[in-house]
Protein chains: 2
Amino acid sequence: MAYRILAVDDEVALQNMIREILAADGYTVEVAGSCAEALTRFRAASPDAVLLDVMLPDGDGFSLFGQLRRERDVPVLFLSARDEDEARLRGLGLGADDYITKPFLPQELRLRLRAVLRRVYRRGSETARLGETEILWGRGTVRRDGAETALTAKEFALLKKLWDSGGNIVTIDALCQALWDGPMVGYENTLMVHIRRLREKIEADPSHPRHLLTVRGLGYRLEREAEG
Amino acid sequence: MAYRILAVDDEVALQNMIREILAADGYTVEVAGSCAEALTRFRAASPDAVLLDVMLPDGDGFSLFGQLRRERDVPVLFLSARDEDEARLRGLGLGADDYITKPFLPQELRLRLRAVLRRVYRRGSETARLGETEILWGRGTVRRDGAETALTAKEFALLKKLWDSGGNIVTIDALCQALWDGPMVGYENTLMVHIRRLREKIEADPSHPRHLLTVRGLGYRLEREAEG
DNA sequence: ACGCAAAAGTAAGGTAAACGTAAGGCTGGC
DNA sequence: GCCAGCCTTACGTTTACCTTACTTTTGCGT
């Protein structure tokens, strides 16, 4: 979530409309009114997607599109008042992800943007945050300070079980169940070893964990935000 | 390329038109005229994308969409003669990748399909980079140090499956599925041999792979950029 | 139809990462 | 201070995967 969107349009009314629509969906919206401003904001904010009007005061959206794509393969949705086939085909032909003609329904913008984001970031963005460490579920790794560490199968299953419990306490039994899919008694110690190993990968100080917390006598739980 | 596309529409004229348009672009086109037929062909051909008319003789495209997505997360583009906002929003709201209203320009269909496929399969161009080795999809070969090596059918399918997963872990089962299209149990060893052979073609040091990585207990994944 | 070469599949021994075990050391609660 | 529950470490074991050589199958040209 919390995608950053850059909207490039010179009409203030539309700017505000877009901002409202997308803000309601939880996006962070940046606005630019010209090609020059768009480039500046694009570099500064590094948005996850760009909404691009074709008509701009200091140039056309098509050439701006080329500049953006040369810098990064960012998803772009064209917005245009010109419903001419030629313009639409040109935009799509350049490699845009969608082309929406004005006036459009707010709902349609939302849905089309969502569709594009879903396709582009479905992979790679299947991540979870745990304070300063990031979990990349799809790759089976965690990242801290830019360094990526691979999880083993057991560690992965353990972390997933704890994460899926949404911060609630998970009993030793439940964890054993998840790791060995059976009423594995006598594995409590082994579980502890796996807990330790996981802590070494996700915690800054494994001996004083701030996320993977032990609840004496009950089990373990995963705290997502580490407070000071 | 050689993407497989399933077009579902009951008008024969449109069927032929779609077939011509897409065949010219090098796609393999399957056609179905009803929901029932669509499901059969979908399972048999396992297409890379589906073009779906909303109006079908034995049901509506929306519910068929649900059935397809339940089986697999395949990209779907709706085609519809109904230009009503309601239908468009419903289709997109369900999670379709695009919604094209009839009549449409052949060129627009091509471009919109291309846009979706580009995002889903990350294959904007005919070639892909894997660090120092280059994959030439159209020729079924890889190039390293200027030397071009041909891939076998199995190696190609394997590489394609891994690439299409965008760096995520692919389970042994999923890979077997892709290579033998069936729940091939007992082929795990054979798969490993193919992995090895592929590594010998794409890796500088096959025994210490930097791209085709094994994730013990989970599967394999393809890393695009090799870090030191 | 035949033979050849390339590709795919089989089998078996080897290896190391991941897992499990155990034993001694903490730490908080009574 | 003592016990129980948990931590931590080192070390042994296992199992999933690797590797190679060999056999079978497939596809193709003659």
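The sequence lines fix the lettering, A, B, ..., with proteins before strands; numbering per chain opens at 1.
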| said: Between A/Thr171 and A/Ala174 (side chain of the first, backbone of the second, donor and acceptor by atom type, cut-off under 3.5 Å), is there such a pair? | reply: yes

| message | Students often mix this up, so state it plainly: with edges at 30° and 60°, are the rings of B/Phe78 and B/Tyr99 parallel, tilted or perpendicular? | response | tilted

| query | Salt bridge between B/Arg210 and B/Glu132, side-chain N to carboxylate O under 4.0 Å? | reply | no

| A/Tyr187 side-chain N/O to C/dA22 phosphate OP1/OP2 under 4.0 Å | no

| So how far off straight is the helix from C/dA1-D/dT30 to C/dC30-D/dG1, going by the axes through five pairs at either end, to 10°? | 40°

| query | Taking only side-chain nitrogens and oxygens of A/Trp180, does any of them come within less than 4.0 Å of OP1 or OP2 of C/dG20? | reply | yes

| task | Answer yes or no: is there a donor N or O on one side and an acceptor on the other, between the side chain of B/His211 and the main chain of B/Leu222, under 3.5 Å? | result | no

| request: Assign each of B/His194 and A/Ala153 to its nearest nucleotide of DNA chain C by heavy atoms, then name whichever residue's nucleotide is nearer the 5' end. | output: B/His194

| message | I want to check one thing: is the phosphate of D/dT19, taken as OP1 and OP2, less than 4.0 Å away from some side-chain N or O of B/Ser207? | response | yes

| request: Could you pick out which residue, B/Arg196 or A/Glu200, lies toward the 5' side of DNA chain D when each is mapped onto its nearest nucleotide? | output: A/Glu200

| message | Taking B/Gly33's backbone N and O only, do any of them form a donor-acceptor pair with B/Asp10's side chain (distance below 3.5 Å, no angle check)? | response | no

| request: Compare side-chain N and O positions of A/Arg216 against OP1 and OP2 of D/dA4 and report whether any pair is under 4.0 Å apart. | output: no

| query | Hey, is the side chain of B/Thr152 poking within less than 4.0 Å of OP1 or OP2 on C/dA8, counting only N and O atoms? | reply | yes

| message | Strictly below 4.0 Å: does B/Thr190 bring a side-chain N or O up to OP1 or OP2 of C/dT10? | response | yes

| field | Phosphate-side-chain proximity, A/Tyr220 and D/dC7, N/O vs OP1/OP2 below 4.0 Å | value | yes

| query | Looking at the side chain of B/Val193, which of C/dC19, D/dC17, D/dT20 is the nearest nucleotide? | reply | D/dT20

| field | Qualifying residue for side-chain contact (heavy atoms from CB on, under 4.5 Å) with A/Leu151, from A/Leu158, A/Thr141, A/Leu159, A/Leu136 | value | A/Leu159

